[in-house]
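Note sheet for the following structure.
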Amino acid sequence: MIDRLIAEATECDFKVAVETKKPKSWLKSVSAFANGVGGSLIFGIDDSKNVVGLADPQVEAEAISRLIKERITPYPNFILKPEHENEKDILVLTVFPGRTTPYYYKADGVREAYIRLGNESVVAPDHVLNRLLLKGMNLSYDSLLSSYDFQDYSFSKLRERYKAWTGNSMDEKLFDSFEIRDETGKLTNAGALLADDSPIRNSRLFCTRWGGLDKSGGWDTWNGRAAA
């Protein structure tokens, strides 16, 4: 059963016991899983995957739920299930990827958001934290407005590529529907990146084109420098 649980989890951590005096040791993984693609914490198993078991799984399950409620903000979506392995009781905590990122560990005088790096949960660096903040607001870097005016830049390369792909000339209104500019004429960051002489230096674009109406049709990837 342990192999099945591990196989089902994109990320997985093992804990011999539920540490209630130093819960940050496992709560940081709860934060990281919620900020990422989700994952599972299995209590009652050591790092070598030996089943140690828990003395009182009911009490420890209550402690897990309480500590997550008290120290992780916002409250993440999770499922806590008891399992029986080799005649011993264990607990499986499955944390789902969250929508209202970032999820912080907030206790002991600190407020920290964690992410997964390999098999570890580490404090999110500033650039990742900014991305999590945008995700939580249902925004992306591309959609944010820049300080640049559409009228000051040309898009001949974009127009040529659009013509080659579609066979049609790129109509002016497409700059609005593609969210390259807003109604006041300001470029979005996406627009600034796609301009012929991009003002955003040292940048790089990675584009994915899906075949058909969903991802089942396969994809092609193109990358290139936005700035000359």
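Residues: numbered from 1 along the sequence shown.
- Rounding to the nearest 0.5 Å gives a distance of 10.0 Å between CG of Asp89 and CD of Glu83.
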Practice item. Test side chain to side chain contact (heavy atoms under 4.5 Å, CB included) on Ile115 and Val122 and set out the steps. Key: CA-CA 6 Å; Ile115 59 169; Val122 300; 4.0 Å; yes

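- Considering CG of Asn119 and SG of Cys12, their distance stands at 11.0 Å, rounded to 0.5 Å.
- Between Ile180 and Leu158, some side-chain heavy-atom pair lies under the 4.5 Å cut-off.
- Within the 4.5 Å cutoff, side-chain heavy atoms of Asn35 are placed close to those of Ser31.
- Cluster membership check: Phe78 does not share its hydrophobic cluster with Val92, using side-chain heavy-atom separations under 4.5 Å among Ile, Leu, Val, Met, Phe, Trp and Tyr.
- Transitive grouping of hydrophobic side chains (ILVMFWY, heavy atoms separated by less than 4.5 Å) keeps Leu132 and Val37 in distinct clusters.
- Counting heavy atoms from C-beta outward, Thr20 and Leu67 have side chains that approach closer than 4.5 Å.
- Residues Val123 and Val110 fall within the same hydrophobic cluster, defined by Ile, Leu, Val, Met, Phe, Trp and Tyr side chains chained together at heavy-atom separations under 4.5 Å.
- Residue Leu193 is grouped with residue Phe178 when hydrophobic side chains (ILVMFWY) are merged at heavy-atom distances under 4.5 angstrom, including chains of intermediate members.
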Review point. Run the side chain to side chain contact (heavy atoms under 4.5 Å, CB included) check on Tyr104 and Leu129 step by step: do they pass?
Key: CA-CA 10 Å; Tyr104 293 95; Leu129 184 60; 3.9 Å; yes

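- Screening Lys21, Arg71, Lys24 for a salt bridge (Lys or Arg N to Asp or Glu O under 4.0 Å) with Asp108, the sole residue that qualifies is Arg71.
- Scanning all heavy atoms of the two residues, the minimum distance from Leu91 to Ala61 falls at CD1-N, 3.7 Å.
- Nearest heavy-atom pair, Ser65 versus Leu80, reported as atom, atom and distance to 0.1 Å: OG-CD2, 4.0 Å.
- Between Asp13 and Arg116 there is a salt bridge, since a side-chain N of the basic residue sits under 4.0 Å from a carboxylate O of the acidic one.
- The shortest side-chain heavy-atom distance between Val30 and Lys28 does not fall under the 4.5 Å cut-off.
- Between the Thr188 side chain and the Ser143 main chain, no donor and acceptor come within less than 3.5 Å of each other.
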Point to revise | Worked verdict on Glu172 versus Arg181 for salt bridge (charged side-chain N to carboxylate O under 4.0 Å, His left out) | key: CA-CA 11 Å; Glu172 283 296 310; Arg181 66 185 179 194; 3.6 Å; yes

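- Around CZ of Arg99, the count of heavy atoms belonging to other residues, nucleotides or ligands within 6.0 Å does not exceed 12.
- In this structure, Phe155 has its ring center under 6.0 Å from that of Phe150.
- Remark: side-chain polar atoms of Ser198 are paired, donor with acceptor, to backbone N or O of Ala192 under 3.5 angstrom.
- Here the shortest heavy-atom pairing between Pro74 and Tyr103 reads O-CD2, 3.2 Å.
- No more than 12 heavy atoms of other residues, nucleotides or ligands sit less than 6.0 Å from atom CD of Glu179.
- When side chains are defined from C-beta on, Ser140 does not count as touching Leu134, because their heavy atoms never get closer than 4.5 Å.
- No donor-acceptor pair closer than 3.5 Å links the side chain of Ser48 to the backbone N or O of Asn50.
- Here Phe43 and Phe14 keep their ring centres 6.0 angstrom or further from each other.
- You'll find the side chain of Trp26 reaches within 4.5 Å of the side chain of Ile68, heavy atoms only.
- Nearest approach of Gly53 to Ile90, heavy atoms of both residues: CA-CG2, 4.5 Å.
- Between the side chain of Asn77 and the main chain of Phe96, no donor-acceptor pair closer than 3.5 Å is present.
- The distance from atom CG of Leu144 to atom CG of Asp182, rounded to the nearest 0.5 Å, is 12.0 Å.
- Of all non-hydrogen atoms in Glu11 and Gly118, the two that sit nearest each other are OE1-O, 3.9 Å.
- Looking at Asp196, its side chain does come within 3.5 Å of a backbone N or O of Lys157 through a donor-acceptor pair.
- Taking the charged nitrogens against the carboxylate oxygens, Glu85 and Lys49 have no contact shorter than 4.0 Å, which rules out a salt bridge.
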**Study point:** Criterion side chain to side chain contact (heavy atoms under 4.5 Å, CB included) on Tyr141 and Asn130, from CA distance to verdict
**Key:** CA-CA 9 Å; Tyr141 172 79; Asn130 289 337; over 6 Å; no

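- You'll find the side chain of Asp149 reaches within 4.5 Å of the side chain of Lys186, heavy atoms only.
- Side chain of Asp171 to main chain of Lys173: a donor-acceptor pair is present (N/O by atom type, distance under 3.5 Å, no hydrogens or angles).
- Arg66 and Glu70 are joined by a salt bridge, as a carboxylate oxygen and a charged side-chain nitrogen come within less than 4.0 angstrom of each other.
- One distance of note links CG of Leu187 with OG of Ser146; it measures 5.0 Å at 0.5 Å rounding.
- Considering CG of Asn189 and OH of Tyr148, their distance stands at 8.5 Å, rounded to 0.5 Å.
- Note: Ile64 CD1 to Lys15 NZ = 11.5 Å, rounded to the nearest 0.5 Å.
- Ile72 places a side-chain heavy atom less than 4.5 Å from the side chain of Leu27.
- In the hydrophobic cluster analysis, where Ile, Leu, Val, Met, Phe, Trp and Tyr join through side-chain heavy atoms closer than 4.5 angstrom, Leu194 is grouped together with Ile200.
- When all heavy atoms of Glu60 and Ala55 are compared, the closest pair comes out as OE1-N, 4.0 Å.
- The aromatic rings of Tyr105 and Tyr114 stand perpendicular to each other, their planes meeting at an angle above 60°, with 30° marking the opposite boundary.
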